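Remarks on the structure that follows.
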Amino acid sequence: MQKNTENYIDFKDFPKNYDYQTVEKKISQYWEDNKIYKFETSDKSRKIYSVDTPPPYVSSSHLHVGHVMSYSQAEFIIRYKRMKGFNVFYPMGFDDNGLPTERYVEKKYKINKSKITREDFIDLCLKETKEGIEIYKSLWKSAGISADYDLSYSTIDERCRKTSQKSFLDLYNKGLIERRNEPILWCPQCRTSLAQADVVLEELTGVLYDIEFKSMDGKSLIISTTRPELLGGCVAVYANPADDRYKFLEGRNVKTPLYNREVPVRFDESVDMGYGTGLMMVCTWGDVEDVKKWKEHKLNTAIVVDKAGRLNALSEKYNGLSVKDAKKAVVADLNELFLIKGEKSLMHNVGVHDRCSTPVEFILAEQWFIKILDSKDKFINAGNQMVWHPEFMKARYDEWINNLKWDWNISRQRFYGVPFPVWYCSECGEIITAVESKLPVDPVTDLPGTNKCPKCGGEKLKPETDVMDTWMTSSMTPLINSRWAYNDHDSKELLNMIYPMGLRPQAQEIIRTWLFYTVVKSIYHTENIPFKDIMISGWGLDKSGKKMSKSLGNFVAPEDIIKKYSADALRYWASKANLGQDLRFNEEDVIAGRKLLIKIWNATRFLITNVSAEFNPYEKNMTELNLSQIDKWVLTELENTINICENNMESYEYSFALRTATDFFYNIYCDNYLEIIKNVFWDEEEENADRKKTVLNVMYFISLNISKIFAPFMPFITEELYLTFYKNFEKGNSIHLSNWPELKKELIFSDSAKISAILLNILDASRKLRTNLNLHQNHKVNKILIKSLNADYIDIINEISGDIRSAVRSERLIFSDKADFQTADADIFISLEK
RNA sequence: GGGCGGAUAGCUCAGCUGGUUAGAGCAUCGGCUUUACAAGCCGGGGGUCACAGGUUCGAACCCUGUUCCGCCUACCA
């Protein structure tokens with residue numbers, strides 16, 4: 001066998017300590033230089049495994065170990081697939097357009113969008129984005145994330161803008177996008193409209209006020225509300241049609257307090273007779289229920305809250321006050337007039353903007369909507385066609401769709417996002433869209449293909465200045481990656497190759513957004529599901545079980561952990577949570593990972609330093625070797641381990657796989673097999689040479705295969721061992737491109753369990769005896785005495801007496817009734833004689 | 001309000017479709033150092049499996065109810 005001189009080191013000088021800091025840097029560079037994780041576009045022989053990698057918000061927060069955890073978990077599977085022979089398409093994306101980035105920039109520079117020009121703001125965002133990407137890239141690389149970084153994209157780059165805009169045009173042409181003027185969810189803090197998915201319910205303590213309205217003839221009518229500040233926008237009072245108390249109000253008006261405005265009384269079954277007095281006020285608009293009644297019953301429109309979250313002139317003396325201040329003022333005034341008849345505090349759910357926690361309001365504005373309410377069935381059906389890991393996460397997807405109440409509003413009144421490819425005619429309002437071949441466009445600086453309105457011939461065209469919801473782009477990731485927006489031959493071919501994608505790994509909190517919207521887009525654009533398998537990871541929690549976040553101060557930086565304990569050790573921690581399960585961060589678990597690395601290093605070093613220059617692991621097949629029972633046992637256990645690990649990896653149960661492999665490695669291989677056979681290497685006699693050779697072959701076979709199983713989890717150390725040692729005997733430039741161990745049925749010896757149990761019971765008992773006798777485990781004894789009450793065992797013990805003597809470090813083995821120490825098998829007794 | 005996940009040793013967690021005496025790592029205690037590894041090895045102690053019922057020859061596991069933790073979801077103003 002030809003030695004690879006470049007990587008060859010004298011095996012006897014193999015380093016005693018594993019210097020992970022140096023090795024990980026070196027290996028990382030090696031992968032990059034040799035393009036180990038490159039997706040081979042032209043390779044038609046291998047099956048493709050494509051991954052729709054989550055693009056994290058580059059600027060929203062720094063990554064913590066929880067992020068590394070979820071990326072690693074997906075990566076375990078991806079690396080496994082690569083070793084199973086798939087041509088892996090694994091891009092790295094960076095999500096940097098939209099509100100998360102804008103919020104980050106606003107906070108960092110202490111500005112808001114009204115205090116800076118659009119151009120300067122976008123420049124700042126682009127600058128932060130660029131810096132963020134570099135930081136993220138270097139962290140992902142140091143964590144061993146095996147993406148093909150040549151396939152990277154950023155959601156503000158040209159391809160993503162083009163894809164988002166094409167998506168808009170396609171949906172517009174299909175009639176799935178509409179411009180509508182209707183009440184929309186609005187964040188007064190960010191001064192933009194929102195979609196339902198951007199609003200989360202927060203449980204807040206509020207006060208429920210009983211306020212006195214008056215009937216036209218002066219009767220007192222008590223209405224309970226949590227939002228007295230909206231009184232100026234009250235357009236109706238509602239009661240339940242079955243409520244006898246208020247039948248007399250039918251067809252009449254009532255007077256609102258403070259304003260003395262007349263509003264009609266209406267009836268609707270949705271009003272709960274038991275709540276408060278059974279009377280309810282409806283404003284335009286205080287909540288979803290108000291919007292619903294306003295729509296259904298065509299109520300008057302009396303908008304009182306402006307885009308900044310302040311009351312307007314309609315609220316008379318409260319004009320200009322913020323919603324919060326107005327509430328105080330209104331309550332004070334009502335109190336002065338003795339119009340508050342009661343108040344009690346209550347916990348209620350308030351919709352707040354998920355990026356800034358500001359309570360949302362309703363605003364009337366013209367916006368672009370993607371129609372989704374009509375197609376709920378299609379989306380549910382798509383969910384059923386995908387395989388969910390873990391399965392229970394699918395319920396969240398179904399629940400979200402079933403509860404959707406609004407079409408998807410994709411307009412945002414912001415700066416830093418993908419622009420709409422749209423202009424409007426100032427004369428007649430006609431909508432003019434961009435020509436597809438010109439995409440991406442910015443209507444603020446670019447002109448549409450025409451100078452005149454095609455409808456009225458008007459020459460004044462004004463650009464749409466809103467930008468798209470950030471999810472408008474993120475939802476395109478499978479189609480961004482497969483170059484759906486491009487019509488050239490290569491792009492079309494790529495689309496056919498990698499779409500639908502094989503895997504979507506992601507976090508649980510974005511099922512309602514990223515996952516759902518991606519399904520929407522894929523169904524609408526391609527009538528296909530976007531990916532086949534979905535992997536939902538849990539959260540990284542702090543030591544006490546709280547979700548890790550920068551604001552809580554319980555943030556553990558992955559860089560620090562990697563520096564201190566190595567990336568492999570951090571990934572080991574990440575492997576401990578099953579899919580979908582949250583995982584507490586314990587430094588002890590990382591330390592356990594480092595311990596495993598050191599053990600792997602030393603166990604392999606034991607093999608390496610005993611190998612001679614002529615060593616050739618493939619001189620004979622394993623089955624042609626003169627295997628002892630203990631060799632057969634360890635090989636059988638290895639094959640069983642390979643089998644279990646493979647099954648686990650196939651079903652995304654990476655955690656079980658690594659645990660199984662680790663158990664085998666520690667208990668079977670290191671603590672027993674190596675301990676039993678190691679004295680072969682202490683004996684320099686000629687007659688031992690054959691046995692030594694066999695043992696080395698077994699060790700090589702096991703070490704290599706277990707390293708391959710470890711490789712997806714601990715890619716650095718396994719690669720280092722591969723390049724410095726295994727590569728001298730194997731083909732291929734990386735363990736990560738080598739084949740996953742193939743199950744060899746001929747190495748499963750059916751009776752090895754029974755035979756080895758006898759040996760291990762004897763070894764176990766002898767270890768206990770040695771401890772009792774304060775005898776060193778390796779100290780050679782003169783003889784071991786064995787008594788067996790089971791006659792069947794005698795032959796077996798005779799057959800494996802060599803293994804037994806080797807295991808218990810005894811010169812001789814003698815059957816004797818004097819043996820009095822019972823083993824775990826009640827039929828076998830042993831004694832040791834010095 | 002509805003739903004999902006979890007509760008097992010001091011800590012972090014395994015425990016598959018029910019089957020001897022419930023496991024691992026860490027921690028703890030005792031012992032062992034020229035022969036891969038002291039960042040090691042060998043051995044020991046430690047559990048009313050959240051609680052209460054039920055099904056069964058047999059329950060950590062299945063069923064019913066309860067408590068606590070986390071999450072998703074929800075128009076009672």
Side-chain angles (χ1 to χ4, degrees), chain A residues 14 16-18 200-201 206 208-209 223-227 230 238 270-283 286-293 346 348-349 351 390-400 402-403 405 508-509 511-512 538-539 541 543 545-547 565 573 576-578 580-589 591-610 644 647-648 653 655-656 659-660 662-663 666-667 670-671 674-675 678-679 681-683 699 763-764 766-779:
Chain A
F14 191 77
K16 188 168 177 189
N17 294 314
Y18 176 45
V200 290
L201 290 175
L208 184 66
Y209 297 96
I223 284 172
S224 300
T225 180
T226 51
R227 301 206 60 186
L230 297 181
Y238 271 76
S270 69
V271 180
D272 182 348
M273 290 191 270
Y275 193 88
T277 56
L279 274 183
M280 164 184 182
M281 81 166 179
V282 170
C283 308
D287 60 20
V288 186
E289 197 60 18
D290 287 353
V291 174
K292 211 175 130 196
K293 291 197 169 60
L346 83 170
H348 63 159
N349 292 317
E391 215 194 327
F392 66 78
M393 286 292 181
K394 181 172 167 289
R396 300 191 179 192
Y397 173 85
D398 290 341
E399 194 178 19
W400 177 251
N402 287 327
N403 283 313
K405 283 182 290 291
Q508 53 186 319
E509 70 269 25
I511 291 174
R512 48 140 74 180
W539 281 326
L541 306 178
K543 206 171 177 170
K546 287 205 182 66
K547 197 184 164 188
Y565 301 109
W573 164 75
K576 295 194 62 144
N578 288 323
Q581 256 182 4
D582 296 342
L583 180 63
R584 294 181 189 212
F585 182 80
N586 277 314
E587 209 150 315
E588 290 76 22
D589 290 333
I591 291 169
R594 183 181 59 175
K595 190 181 130 178
L596 175 59
L597 298 178
I598 293 164
K599 193 79 176 173
I600 293 170
W601 186 260
N602 283 312
T604 313
R605 190 166 74 94
F606 186 36
L607 164 66
I608 292 173
T609 52
N610 278 296
I644 292 169
N647 289 337
N648 286 334
E653 306 273 15
S655 186
F656 294 124
R659 200 180 316 129
T660 305
T662 306
D663 284 351
Y666 266 104
N667 303 333
C670 291
D671 293 348
L674 289 184
E675 288 302 324
K678 75 201 285 187
N679 59 0
F681 298 108
W682 305 343
D683 197 336
M699 286 168 69
L763 173 58
D764 228 42
S766 111
R767 280 171 173 168
K768 282 184 181 126
L769 272 180
R770 282 171 182 272
T771 297
N772 292 350
L773 300 169
N774 284 355
L775 200 61
H776 182 246
Q777 297 296 337
N778 281 337
H779 184 95

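As the structure is a computational prediction, the values presented were derived from the model and not from experiment.
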Across the strands shown, which category fits K405(A) at heavy-atom distances under 4.0 angstrom: base, sugar-phosphate, nothing?
sugar-phosphate
NA contact type, N586(A), heavy-atom cut-off 4.0 Å: base, sugar-phosphate, or nothing?
sugar-phosphate
Under a 4.0 Å heavy-atom criterion, RNA chain B is touched by chain A from G2(B) to A77(B)
Scan R227(A) against the nucleic acid and name what it touches under 4.0 Å (heavy atoms): base, sugar-phosphate only, or nothing.
nothing
Under 4.0 Å, counting only non-hydrogen atoms across every strand here, what does R770(A) touch: a base, just sugar-phosphate, or nothing?
nothing
Cation over ring, K543(A) on F585(A), under 6.0 Å and within 45°?
no
Quick one: label N349(A) by what it contacts on the DNA or RNA (base, sugar-phosphate, nothing), any heavy atom closer than 4.0 Å.
base
When we call it a touch if two heavy atoms are under 4.0 Å apart, what does H779(A) touch: a base, just sugar-phosphate, or nothing?
nothing
Whether D582(A) side chain and W539(A) backbone form a donor-acceptor pair below 3.5 Å:
yes
Within a strict 4.5 Å, meaning less than it, do heavy atoms of the R605(A) and K16(A) side chains meet?
yes
Pick the P atom in G10(B) and in C68(B), then give their distance to the nearest Å.
23 Å
Give the dot-bracket line for RNA chain B from 5' end to 3' end: parentheses for intra-strand Watson-Crick or G-U pairs under 3.5 Å, square brackets for crossings, | for inter-strand pairing, dots for unpaired.
(((((((..((((.....[...)))).(((((.......))))).....(((((..]....))))))))))))....
Indicate yes or no for a side-chain donor-acceptor contact from R659(A) to the backbone of K576(A) under 3.5 Å, with no hydrogens or angles considered.
no
Can you tell me how far P in G23(B) sits from the matching atom in G45(B), rounded to whole Å?
12 Å
Mapping K16(A) and Q508(A) to their closest nucleotides on RNA chain B, which lands nearer the 5' end?
K16(A)
Same-atom distance (P) from G18(B) to U56(B), integer angstrom:
16 Å
Sub-3.5 Å donor-acceptor pair from the side chain of N578(A) to the main-chain atoms of Q581(A), do we have one?
no
U48(B) versus U33(B) - spacing of their P atoms, nearest Å:
37 Å
For a quick check of understanding: with a heavy-atom distance under 4.0 Å over all strands, which category does L208(A) fall into, base, sugar-phosphate or nothing?
nothing
Would you measure the distance from the P atom in U67(B) across to the matching atom in A52(B) and give it in whole Å?
15 Å
Would you indicate what R605(A) reaches in the nucleic acid, counting non-hydrogen atoms under 4.0 angstrom: base, sugar-phosphate, or nothing?
sugar-phosphate
Measuring only the P atom in each nucleotide, how far is C26(B) from A38(B)? A whole number of Å is fine.
16 Å
Is E675(A) touching bases, backbone alone, or none of the nucleic acid, heavy atoms closer than 4.0 Å?
base
Evaluate the side-chain proximity of Y18(A) to N602(A): yes if any heavy-atom separation is below 4.5 Å, no if none is.
no
With a non-hydrogen cut-off below 4.0 angstrom, is N647(A) in contact with a base, only sugar-phosphate, or nothing?
nothing
Donor-acceptor check, side chain of W573(A) to backbone of R584(A), threshold 3.5 angstrom: yes or no?
yes
Assign K599(A) to base, sugar-phosphate, or nothing according to its heavy-atom contacts below 4.0 angstrom with the strands shown.
base
When you measure from the side chain of D272(A) to the backbone N and O of G274(A), does any donor-acceptor pair fall under 3.5 Å?
yes
Y275(A) near the nucleic acid: base, sugar-phosphate alone, or nothing, with a heavy-atom cut-off under 4.0 Å?
base
Pick the P atom in A27(B) and in A22(B), then give their distance to the nearest Å.
25 Å
Work out how far the P atom of G65(B) is from that of C71(B), and round it to whole angstrom.
24 Å
By the 4.0 Å heavy-atom rule, please label A603(A) as base, sugar-phosphate, or nothing.
base
Any base atoms under 4.0 Å from Y238(A), or only sugar-phosphate, or nothing? Heavy atoms, all strands.
nothing
Mapping V200(A) and G274(A) to their closest nucleotides on RNA chain B, which lands nearer the 5' end?
V200(A)
Any heavy-atom pair between the side chains of I223(A) and Y238(A) that's under 4.5 Å?
no
Carefully, step by step, assess F606(A) and W601(A) under the rule ring-ring contact (aromatic ring centres under 6.0 Å, His included).
CA-CA 9 Å; F606(A) 186 36; W601(A) 186 260; over 10 Å; no
Using modelled atom types only, decide if a donor and an acceptor are shared between the side chain of R770(A) and the backbone of H776(A) within a distance under 3.5 Å.
yes
